[in-house]
Amino acid sequence: GIPTLLVTAGFYAWLANSQGRLRLSYISLGLADWALLRWMFELNVTEPTWYAAIAGLSVLYGVKVDPALQDSSDRNNRHLLRCLALGLISLTAL
């Protein structure tokens, strides 16, 4: 169930932090997103803004922590991904 997903997500977050392997935190993020989606489904949440927020915030997290996007030469890629994530959230809210 949802608690199991959250405990597993917490374990992967701890593992990523303790080993310094940030990409392991993507597993944690995916499990947390899955738990949120299941919880929203159980509550019969139909507002698309919530679903767009989960997707957009997950992309923003990836842009922030991914080592491949931290180089200064990837500035345009980071900007594009941030704009797409924020655009998804904003346009859905409109």
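It should be emphasised that the depicted structure is a prediction, and the values quoted were computed from it without experimental measurement.
A donor-acceptor pair under 3.5 Å links the side-chain atoms of R78 to the main chain of D71, judged by distance alone.
For the pair D33/L57, no side-chain contact is recorded, criterion being any heavy-atom separation below 4.5 Å from C-beta on. Under the 4.5 Å side-chain criterion, counting only non-hydrogen atoms from C-beta, Y51 is not in contact with T92.
Hydrophobic clustering of Ile, Leu, Val, Met, Phe, Trp and Tyr side chains at less than 4.5 Å, counting indirect connections, keeps V59 apart from L80. Cluster membership for I89 and L84, using ILVMFWY side-chain heavy atoms within less than 4.5 angstrom, is not shared. Note on L43: it clusters hydrophobically with L6, by side-chain heavy-atom contacts below 4.5 Å among ILVMFWY residues. Under the 4.5 Å side-chain contact rule for hydrophobic residues, W39 and W50 share a cluster. Tracing side-chain contacts under 4.5 Å through hydrophobic residues (I, L, V, M, F, W, Y), one never reaches Y61 starting from I54; they form parts of separate clusters.
Of the inter-residue distances, the one linking R82 atom CZ with K64 atom NZ reads 7.0 Å to the nearest 0.5 angstrom. We find the CG-NE2 distance between L81 and H79 to be 10.5 Å, quoted to the nearest 0.5 Å. Interatomic distance, D74 CG to D66 CG, rounded to the nearest 0.5 Å: 9.0 Å. To the nearest 0.5 Å, the span separating OG1 on T8 from CD1 on I27 amounts to 11.0 Å. Summarising the geometry, atom CG belonging to L24 is positioned 12.5 Å from atom CG belonging to L29; distances are rounded to the nearest 0.5 Å. We find the CG-CG distance between L5 and L36 to be 10.0 Å, quoted to the nearest 0.5 Å.
Heavy-atom minimum distance, A93 versus T49: CA-OG1, 3.8 Å. In terms of heavy atoms, A68 sits closest to R23 at CB-NH2, 3.3 Å. Considering all non-hydrogen atoms of both residues, A9 and A32 come closest at CB-N, 4.0 Å. Closest non-hydrogen pair, Q70 versus V63, comes out as NE2-O, 3.4 Å. Of all heavy-atom pairs spanning A16 and S25, the tightest one is CB-N, 3.5 Å. Taking all atoms of both residues into account, the shortest heavy-atom contact from A85 to G56 is CB-O, 3.5 Å.
Shown here is R21, whose CZ atom has no more than 12 heavy atoms of other residues, nucleotides or ligands within 6.0 Å. In the displayed structure, Y12 atom OH is contacted under 6.0 Å by at most 12 heavy atoms of other residues, nucleotides or ligands.
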